[in-house]
Amino acid sequence: MSSFSRSGRKIVAIGRNYAQHVKELNNAMPKEPFFFLKPTTSYVHSDGNVEIPKGVIVHHEVELGVVIGKPGRDISQGAADSHIAGYALAIDMTARNMQEVVKKQGLPWSAVKGFDTFTPVSNFIPRSSVANPHDLKLWLKINDAFKQNGTTADMIFRIPRLIEHVSSIMTLEEGDLLLTGTPAGVGPIAAGDKITAGIATAEGSPLAELVLTAVDRQGGYNFTA
């Protein structure tokens, strides 16, 4: 599963799964998990560039990713763990000003979340390295200043519930990445910013880190509100 970012067929991203993040964006608290899809062409690895499209305000959202190791449909919460191969650190980049417009119009989020380089992702973290995925530290810095600093203990819906819900709608396949939501502190990036992010055990032992540079995208879509 170390090659999940090349072999996986989809990225399933859970929205509004940390209460403080829900509040900071003035969203309603979800009654059940909700999710959207991102293309695997949005992956970018550490030491790469995150491209800012023309006219777009891009926000960072650091997340724990769950790598699916065994395909399944209608997976129960009790069986969910057996479908997990491991984990990854990821950032769900979001075109925030585009999102505000399409939300008001009731339109999909595909473009908002799907630009190339909008899913920075770490190397694979083996399941054996993570004793408890619901007790991990997640952080993100811009130019060495903390912007997000949270814990997966604050998830509203835990990973077995997420796997149960998503697989009741669509089959989860080997290599798919399930993004589990972001803690509070999301905010904008600007060209020239150094973006660093990490995930660690509750005791502080690092599991993965990302180092990225924000750049203006040359060519491509130009958003005008």
Query raised in the report: In Å and rounded to the nearest 0.5 Å, what is the CE to CG distance from Met29 to Asn17?
Result: 10.5 Å

**Report entry** Set of salt bridge (Lys or Arg N to Asp or Glu O under 4.0 Å) partners for Arg16, sequence neighbours left out
**Finding:** none

Report summary line: dist Ser122:OG -> Ile199:CD1 (nearest 0.5 Å) comes out at 7.5 Å

Requested in this report: Using atom types as modelled and distance alone, determine if a side-chain donor or acceptor of Ser76 lies under 3.5 Å from a backbone N or O of Ala79.
Outcome: yes

Query - Least distance between heavy atoms, Ala214 atom then Ala190 atom - result: CB-O, 3.3 Å

Query raised in the report: Taking everything shown except Ile57 itself, do over 12 heavy atoms lie less than 6.0 Å from its CD1?
Result: no

Query raised in the report: Are Thr151 and Lys137 side-chain neighbours, meaning at least one heavy-atom pair lies under 4.5 Å?
Result: no

Requested in this report: Measure from NZ or CZ of Lys141 to the centre of the six-membered ring of Trp139, then state whether that distance is under 6.0 Å and the direction lies within 45° of the axis.
Outcome: yes

Query raised in the report: Where do Asn49 and Val44 land on the side chain to side chain contact (heavy atoms under 4.5 Å, CB included) test, with the steps shown first?
Result: CA-CA 7 Å; Asn49 292 334; Val44 63; over 6 Å; no

Report summary line: Distance col, row Phe118:CZ vs Asp92:CG, nearest 0.5 angstrom, shows 9.0 Å

Requested in this report: Could you name each residue pair satisfying salt bridge (charged side-chain N to carboxylate O under 4.0 Å, His left out) that touches residues 167-190, not counting sequence neighbours?
Outcome: Arg9-Glu173, Lys10-Glu173, Lys10-Asp176

Query - Euclidean distance, Thr152 OG1 relative to Asn132 CG, rounded to 0.5 Å - result: 7.0 Å

Query raised in the report: For Lys113 and Thr94, does a side-chain donor sit closer than 3.5 Å to a side-chain acceptor?
Result: yes

Query - Under 3.5 Å donor-acceptor, Thr201 side chain and Ser205 backbone - result: yes

Query raised in the report: Is Asp81 salt-bridged to Arg127, cutoff N-O under 4.0 Å?
Result: yes

Requested in this report: Can you sort out the partners of Phe34 under ring pair (Phe, Tyr, Trp, His ring centres under 6.0 Å), two or more places apart, ordered by chain and number?
Outcome: Trp109

Query raised in the report: Is the side chain of His45 donor-acceptor paired with the backbone N or O of Ser5 at a distance under 3.5 Å, no angle test?
Result: no

Query raised in the report: Which pair of heavy atoms, one from Thr40 and one from Gly8, lies closest together, and at what distance?
Result: CG2-O, 3.5 Å

**Report entry** Ile75 backbone acceptor or donor facing Ser167 side chain under 3.5 Å
**Finding:** yes

Query raised in the report: Counting only heavy atoms not in Asp193, do more than 12 fall under 6.0 Å of its CG?
Result: yes

Report task. Evaluate the side chain to side chain contact (heavy atoms under 4.5 Å, CB included) criterion for residues Ile125 and Val130: first the C-alpha distance (whole Å), next the side-chain angles of each, then the deciding distance (0.1 Å), finally the verdict. Result -> CA-CA 8 Å; Ile125 303 169; Val130 179; 3.9 Å; yes

Query raised in the report: Would you say the side chain of Met155 lies within less than 4.5 Å of the side chain of Thr180, judging by non-hydrogen atoms?
Result: yes

Requested in this report: Start with the C-alpha distance between Ile142 and Lys194, add both sets of side-chain angles, then the distance that settles side chain to side chain contact (heavy atoms under 4.5 Å, CB included), and finish with yes or no.
Outcome: CA-CA 6 Å; Ile142 303 290; Lys194 177 186 175 185; over 6 Å; no

Report task. Measure the shortest side-chain to side-chain distance between Leu89 and Leu64 over non-hydrogen atoms and say whether it is less than 4.5 angstrom. Result -> no

Query raised in the report: What heavy-atom pair brings Ile156 and Ala19 nearest, and what distance separates the two atoms?
Result: CD1-N, 3.7 Å

Query - Salt bridge Lys103-Glu100, side-chain N to carboxylate O under 4.0 Å - result: no

Query raised in the report: Quick one: does Ile195's side chain get under 4.5 Å of Met93's, heavy atoms only?
Result: yes

Query raised in the report: Can a salt bridge be assigned to the pair Arg96 and Glu61 using a cut-off of 4.0 Å between side-chain N and carboxylate O?
Result: yes

Query - Steps toward side chain to side chain contact (heavy atoms under 4.5 Å, CB included) verdict (Leu140, Thr196) - result: CA-CA 6 Å; Leu140 183 143; Thr196 53; over 6 Å; no

Query raised in the report: Are Thr119 and Lys38 close enough that a side-chain donor and a side-chain acceptor fall under 3.5 Å?
Result: yes

Query - Pairwise side-chain contact, Val166 with Ile14, heavy-atom cut-off 4.5 Å (strictly under) - result: yes

Query raised in the report: Checking His60 side chain against Val186 main chain: does a donor-acceptor pair fall under 3.5 Å?
Result: no

Requested in this report: Report the distance from atom CG of Leu212 to atom CD of Glu51, rounding to the nearest 0.5 Å.
Outcome: 12.0 Å

Query raised in the report: Taking the six-membered ring for Trp, are Tyr43 and Phe4 parallel (under 30°), tilted (30 to 60°) or perpendicular (over 60°)?
Result: perpendicular

Query raised in the report: Are side-chain heavy atoms of Pro133 and Tyr87 found at a separation under 4.5 Å?
Result: yes

Query raised in the report: Is it true that the side chains of Gln148 and Thr182 contain a donor and an acceptor less than 3.5 Å apart?
Result: yes

Report task. Quick one: pull up CD1 in Ile159 and CD1 in Ile84 and give me the separation to the nearest 0.5 Å. Result -> 5.5 Å

